[in-house]
Amino acid sequence: MQPSPRIQLTHYYSKETGVSLELPEDWHEGESNGGRVSYGCASEGQYHPQLLIQRVPLSAWERVSDGCDRLAEELLQLYPSPLEIGDRHPLTVDNFPARLDIFSFYDPEFNIQVTHYQVCIQLPDALYSLVGIVERQSAESLLPVFEQAVGSIRFIGMGLGRTALISDPLTRISYFNPGLCVSILIPASWSVQELQENQFQAIAPLVPEFDGYHPRISCTRTIATNQTPAGMEEAIRKSEATHRLLYFDYEILKQERFSLGPHPAYLRQMQWSYQGTDIYLVNVQGLIWAASSAYAFKAETLQQYESRDVPRFEAIVKSTRIIPASCPDV
């Protein structure tokens, strides 16, 4: 199941649950309290689609390896029989173990058949339940929305202190920097180093052919003096002028302008030789223009690794989510 690629998505972050996710633009955030948040979508009739997320903290003695299975079974007991099970399988959500149950039943309050898309997720210190609720006759069009929302989830504040559950080297895990209030996705084999209060870098594994060399990408937050689109264009022009002065063989390979939610963004791929040698470096620079800050990304790799590393650098920039300044102090 895949939602239409034409659907415009909106980013939501709940401080109550610590969950960042994306939903179609016609959805809205509802009540949020006590580790619980709801999202809804207007529709015809009295039964409106909903998405409910609940965080259940765990004490040390409650932490077990099959927590998401136990929670799923407990929740299933709350619904009236008979339940018609449509699908059930394990999955991962932001690289944490989870279980999906899709089932339908008769809702006597509304006198209709409803379908629930239920995902239970196990974190080290909490269990999460996510339940998408829809009238059964609308399930075919809305289950892909729930699937997309689950796939977009990031648990803000969990850091990188976990091992990839999937052995695929393309597996990406989320990293959140509380100083910059930025979340990105990076390959599971990469590490992160915080350089200063307003800067961090993500570092790829060592390149064997070159002693001590690691491809890397950094992110720096600055306060934009001119927060208008014209200010962004001026920053791009100044950056290009500086590079042309520093590197005689500086060359722009491609440029791209796009949006990350409400934020205009820019990507540029460049190359030049290293200190006049025959070693060429390929660089990717990204710029995200937020309401009060500018986020500058700078990435570098050797020319022979361009086809491998440049798509990774670009994906990292495009995965950026700016979390509201009220994000938890982690």
Side-chain angles (χ1 to χ4, degrees), residues 1-57 66-93 96-122 126-153:
M1 294 183 294
Q2 292 294 330
S4 167
R6 293 172 292 180
I7 292 178
Q8 295 297 311
L9 300 175
T10 299
H11 170 243
Y12 292 95
Y13 168 69
S14 164
K15 186 177 180 180
E16 287 284 343
T17 62
V19 170
S20 163
L21 83 167
E22 293 177 328
L23 285 165
E25 59 183 354
D26 58 344
W27 284 66
H28 60 272
E29 185 172 347
E31 295 183 358
S32 178
N33 57 73
R36 177 186 176 95
V37 63
S38 66
Y39 302 92
C41 173
S43 65
E44 297 181 1
Q46 59 179 338
Y47 206 91
H48 301 303
Q50 297 181 71
L51 183 64
L52 309 177
I53 301 177
Q54 175 82 45
R55 181 180 188 274
V56 182
D66 61 345
C68 54
D69 287 320
R70 293 189 184 190
L71 178 59
E73 293 298 332
E74 288 180 10
L75 293 177
L76 290 175
Q77 298 301 315
L78 301 177
Y79 300 106
S81 298
L83 294 183
E84 182 181 333
I85 305 297
D87 192 11
R88 172 180 293 163
H89 63 261
L91 68 160
T92 59
V93 177
F96 290 104
R99 168 176 154 175
L100 167 68
D101 290 272
I102 301 177
F103 55 92
S104 301
F105 62 92
Y106 171 74
D107 186 335
E109 180 180 355
F110 291 92
N111 192 31
I112 57 172
Q113 290 285 329
V114 298
T115 296
H116 280 204
Y117 183 101
Q118 175 180 289
V119 178
C120 295
I121 312 158
Q122 182 164 4
L127 290 172
Y128 281 80
S129 66
L130 180 147
V131 183
I133 304 171
V134 62
E135 192 171 350
R136 185 170 184 174
Q137 65 182 19
S138 303
E140 184 176 353
S141 62
L142 283 169
L143 288 183
V145 172
F146 298 145
E147 181 181 42
Q148 180 277 323
V150 170
S152 75
I153 283 179

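Evaluation of the side chain to side chain contact (heavy atoms under 4.5 Å, CB included) rule for S38 yields E31, L52 as partners, not counting sequence neighbours. With sequence neighbours left out, the ring-ring contact (aromatic ring centres under 6.0 Å, His included) criterion links H11 to no other residue. Taking the ring-ring contact (aromatic ring centres under 6.0 Å, His included) definition, one finds that Y79 meets it with F103, F105, H116, sequence neighbours left out. With sequence neighbours left out, the side-chain hydrogen bond (donor to acceptor under 3.5 Å, both in side chains) criterion links S14 to T17. Legend: residues meeting side-chain hydrogen bond (donor to acceptor under 3.5 Å, both in side chains) with S104, ordered by chain and number and at least two apart, are T115.
For the pair I121/P97, no side-chain contact is recorded, criterion being any heavy-atom separation below 4.5 Å from C-beta on. Y128 has its side chain out of reach of V93: every pair of non-hydrogen atoms, C-beta onward, lies at least 4.5 Å apart.
Closest non-hydrogen pair, Q122 versus G67, comes out as OE1-N, 3.0 Å.
Of the possible donor and acceptor atoms, none in the side chain of Q118 sits under 3.5 Å from a partner among the backbone N and O of V131.
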For I153 and L130: C-alpha separation, side-chain torsions, deciding distance, then whether side chain to side chain contact (heavy atoms under 4.5 Å, CB included) applies.
CA-CA 11 Å; I153 283 179; L130 180 147; 3.5 Å; yes

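The aromatic rings of F110 and Y47 sit perpendicular to each other, their planes meeting at more than 60°, with 30° as the lower class boundary.
Between the OH atom of Y39 and the CG atom of L21 there is a distance of 5.0 Å, given to the nearest 0.5 Å. Within the model, atoms CH2 of W27 and SG of C41 stand 5.5 Å from one another, a figure rounded to the nearest 0.5 Å. If you take CD1 on I53 and OH on Y12, they are separated by 12.0 Å, rounding to the nearest 0.5 Å.
Listed by first and then second residue, the salt bridge (charged side-chain N to carboxylate O under 4.0 Å, His left out) pairs involving residues 67-89 are D66-R70, D69-R99, E73-R99, E84-R136, R88-D101 (not counting sequence neighbours).
When each of E29, K15, R55 is tested with V37 by the rule side chain to side chain contact (heavy atoms under 4.5 Å, CB included), just one qualifies, namely E29.
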